Amino acid sequence: MVTTLRNFFFDKGILKSKAYNIPIIAVGNLSVGGTGKSPMIEYLIGLLKSEGQLAVLSRGYRRKTNGFVLADKESTADDIGDEPMQFHSKFKDIAVAVDGDRQNGILNLQKLIRPDIVLLDDAFQHRKVTAGFYILLTKYDDLFVDDYLLPSGNLRESKRGAKRADVIIVTKCPQDISDLKQMEIIKKLNVKQDVYFTSIGYSNEIKGVKNYNVNLLKTTKFTLVTGIANPKPLVNYLKKKELNFEHLIYKDHHNFTDKEINILSKKRLIITTEKDYMRLKNRLPNVSFLSIITEFVSKKLVFD
C-alpha cells in the first residue's frame, strides 16, 4: 500500500523535494487567526493514516519547550502545544512532533520513525521546506482577497502568495451554501487552482469526565470557556440548540493562570473546545469538550 501511495504521489508531482523523497503536504493560510487548520489536519490524518507511517509536524505554538520534541505517552500541552496534543491524544497510531525549524523537524522524524508521509501544520510561510503539495485555507466570511497586509489587515503575506497553493479550500461555510454562491466566490478569488468548500460540523457527544449527548445540556446551565481565535460558530451552534450558558472568552492559545483556574474550578460544569481541553484537563475536575470536524460541502470524493 505504501509503495502504491508513493507512486500515486510521484505521478501527481507531489514528490518534489530532493531533500526528503517522501510526500510532504503543507496546510496553512495567508492570514493570522483561525481558518480551520486543525480540523483540516485531522481530516487529512483520517484520510491517510492507513496508507503508511504518518507524521504530523507543527511548530508547537506557546509550548514551554524548545527545539524538536517527539510526542510520547508522557507529553502534555506544555511540552508540545495544545493543537499537537490534540492530534496526539486523538490519533494513537501516528507520530506527532513539534519544531520551530520544520527542516530540522523533518530530518529528526526521518531518523527516528522513518515516516512515509509528513503533514506540516501551519507551514505555508515556512520557506526552509519546500513541500510537495500546499493546501491553502481561507475563511468564508474573511476571504484573503478582501484582506490587507498587517498591520492594516490580517494578512501575513501578500495575496500573491496564493499562487504557491495546489488547492484552495474556503472554510467555515454555511452548510447550505448554494452552488451559485460557490461560483461567485470562485470568481472573486480569481485563481487557477481547484477550489473546495467546507463547513464546520460538531460532534453530538460531549467528552471529558464522562461522555454524554449534547442534548442533555438542555436541562443544565453551564459555562462555555473558549481560548480560540473565533468562537462565534461554536456559540451560534449552542444557541441554536437553545442551551443555557455563560461564555468566558480568552485569547487564542491562552495559558490559564492559577487564579483563573481557581475561578473556573468553582463553576458547576465547563464545556470547552477540544484544543482548550488539552490545556485544562489536568487542572480542572469539571471540564468537558465538544469536538469539531471538517465537512466538505461538495466535491468531497474529488478531494479525497
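Computed from a predicted structure; not experimentally measured.
- Between F245 and K221, the closest side-chain pair of non-hydrogen atoms is not below 4.5 Å.
- Residue I94 is not grouped with residue M278 when hydrophobic side chains (ILVMFWY) are merged at heavy-atom distances under 4.5 angstrom, including chains of intermediate members.
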request  = Dump the intermediate steps for side chain to side chain contact (heavy atoms under 4.5 Å, CB included) on S298 and Q182, then the final yes or no.
outcome  = CA-CA 10 Å; S298 60; Q182 292 179 50; 3.1 Å; yes

query = Can V170 and I186 be said to form a side chain to side chain contact (heavy atoms under 4.5 Å, CB included), step by step?
reply = CA-CA 9 Å; V170 181; I186 291 172; over 6 Å; no

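- Rounding to the nearest 0.5 Å gives a distance of 7.0 Å between CG of L280 and CG of L264.
- In this structure, the side chain of T257 engages the main chain of E260 through a donor-acceptor pair within 3.5 Å.
- Contact check on K267 versus E246 returns a salt bridge, with a Lys/Arg side-chain nitrogen under 4.0 Å from an Asp/Glu carboxylate oxygen.
- Follow the hydrophobic side-chain contacts under 4.5 Å out from I80 and you never reach F68; the two are in separate clusters.
- Between T223 and L269 there is no side-chain heavy-atom pair separated by less than 4.5 Å.
- Atom-to-atom distance recorded for Y61:OH and D121:CG is 13.5 Å, nearest 0.5 angstrom.
- Closest approach of A95 and L70 over heavy atoms only: CB-CD1, 4.3 Å.
- In this structure, K64 places its NZ atom where only 12 or fewer heavy-atom neighbours from other residues, nucleotides or ligands lie under 6.0 Å away.
- Across every non-hydrogen atom of L234 and Y202, the tightest pair is N-OH, 3.0 Å.
- Residues L180 and V297 fall into different hydrophobic clusters, defined by Ile, Leu, Val, Met, Phe, Trp and Tyr side chains chained together at heavy-atom separations under 4.5 Å.
- Using a 3.5 Å distance cut-off with no hydrogens or angles, the side chains of E83 and S58 do not pair a donor with an acceptor.
- Contact check for D122 versus I41: no side-chain heavy atoms found under the 4.5 Å cut-off.
- V118 places a side-chain heavy atom less than 4.5 Å from the side chain of I22.
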inquiry  = Set out, in order, the CA-CA distance, both residues' side-chain angles and the distance that settles side chain to side chain contact (heavy atoms under 4.5 Å, CB included) for E205 and V214, then state yes or no.
reply    = CA-CA 6 Å; E205 190 176 31; V214 67; over 6 Å; no

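- Of the N and O atoms on the side chains of N104 and D99, at least one donor lies less than 3.5 Å from an acceptor on the other residue.
- Cation-pi contact between K232 and Y237: absent, since separation from the ring centre below 6.0 Å together with deviation from the ring axis within 45° is not met.
- Between K241 and L217 there is no side-chain heavy-atom pair separated by less than 4.5 Å.
- Using modelled atom types, one finds a donor on one side chain and an acceptor on the other under 3.5 Å when comparing D304 with Y43.
- A donor-acceptor pair under 3.5 Å links the side-chain atoms of K299 to the main chain of V195, judged by distance alone.
- Salt bridge K300/E295: absent, no basic N to carboxylate O contact under 4.0 Å.
- Between the S152 side chain and the Y148 main chain, no donor and acceptor come within less than 3.5 Å of each other.
- L290 and I206 get closest at one heavy-atom pair: CD1-CD1, 3.8 Å.
- In this structure, Q110 contributes its side chain and Y20 its backbone to a donor-acceptor pair below 3.5 Å.
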query = For K207 and E274, what are the C-alpha separation, side-chain angles and deciding distance, and is it a salt bridge (Lys or Arg N to Asp or Glu O under 4.0 Å)?
reply = CA-CA 9 Å; K207 297 181 179 180; E274 191 169 4; over 6 Å; no

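- For NZ of K90, the number of neighbouring non-hydrogen atoms (other residues, nucleotides, ligands) closer than 6.0 Å is greater than 12.
- For the pair I228/H253, no side-chain contact is recorded, criterion being any heavy-atom separation below 4.5 Å from C-beta on.
- For the pair T219 (side chain) and L216 (backbone), a donor-acceptor distance under 3.5 Å is present.
- Between K275 and D252 there is a salt bridge, with a side-chain nitrogen of the basic residue lying less than 4.0 Å from a carboxylate oxygen of the acidic one.
- Under the salt bridge (charged side-chain N to carboxylate O under 4.0 Å, His left out) criterion, the residue pairs touching residues 183-193 are D146-K188, K181-E184, with sequence neighbours excluded.
- Residues V225 and F222 fall into different hydrophobic clusters, defined by Ile, Leu, Val, Met, Phe, Trp and Tyr side chains chained together at heavy-atom separations under 4.5 Å.
- For the residue pair N29/T35, the side-chain donor-acceptor check at 3.5 Å is satisfied.
- Counting only distance, with no hydrogens or angles, the side chain of T226 and the backbone of P231 share no donor-acceptor pair below 3.5 Å.
- Looking only at atom types and distance, the side chain of S75 has no donor-acceptor partner in the side chain of H88 under 3.5 Å away.
- Between F256 and H254, the two ring planes are perpendicular [angle over 60°; tilted spans 30° to 60°].
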task = Give the C-alpha distance, both sets of side-chain angles, the deciding distance and a yes or no for side chain to side chain contact (heavy atoms under 4.5 Å, CB included) between I135 and I169.
result = CA-CA 7 Å; I135 299 173; I169 299 179; 3.7 Å; yes

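- What you find for I270 and L284 is that their closest heavy atoms are CD1-CD1, 3.9 Å.
- Taking a cutoff of 4.0 Å between a charged side-chain nitrogen and a carboxylate oxygen, D78 and R62 do not qualify as a salt bridge.
- Closest of all the heavy-atom pairs between G28 and K37 is CA-CD, 4.0 Å.
- Considering CG of D79 and OG1 of T65, their distance stands at 6.0 Å, rounded to 0.5 Å.
- A continuous path of hydrophobic side-chain contacts links L109 to I24 [ILVMFWY only; heavy atoms under 4.5 Å].
- Atoms CZ and CG, from R283 and N262 in turn, are 10.5 Å apart once rounded to the nearest 0.5 Å.
- Rounding to the nearest 0.5 angstrom, the gap separating the CG atom in L137 from the OG1 atom in T171 is 6.0 Å.
- Two residues are said to be in side-chain contact when any heavy atoms from C-beta on lie closer than 4.5 Å; L224 and T272 fail this criterion.
- Remark: aromatic rings of F124 and H126 are distant, center separation not under 6.0 Å.
- Contact of the N190 side chain with the V145 side chain is not registered, since no non-hydrogen atoms from C-beta on lie closer than 4.5 Å.
- Scanning both residues, G132 and D166, for their nearest heavy atoms gives O-OD2, 4.1 Å.
- Rounded to the nearest 0.5 angstrom, R63 CZ and D82 CG are separated by 12.5 Å.
- Classified by interplanar angle (parallel below 30°, tilted 30° to 60°, perpendicular above 60°), the ring pair F303/Y196 is perpendicular.
- Under the 4.0 Å criterion applied to side-chain N and carboxylate O atoms, E42 and K49 are not assigned as salt-bridge partners.
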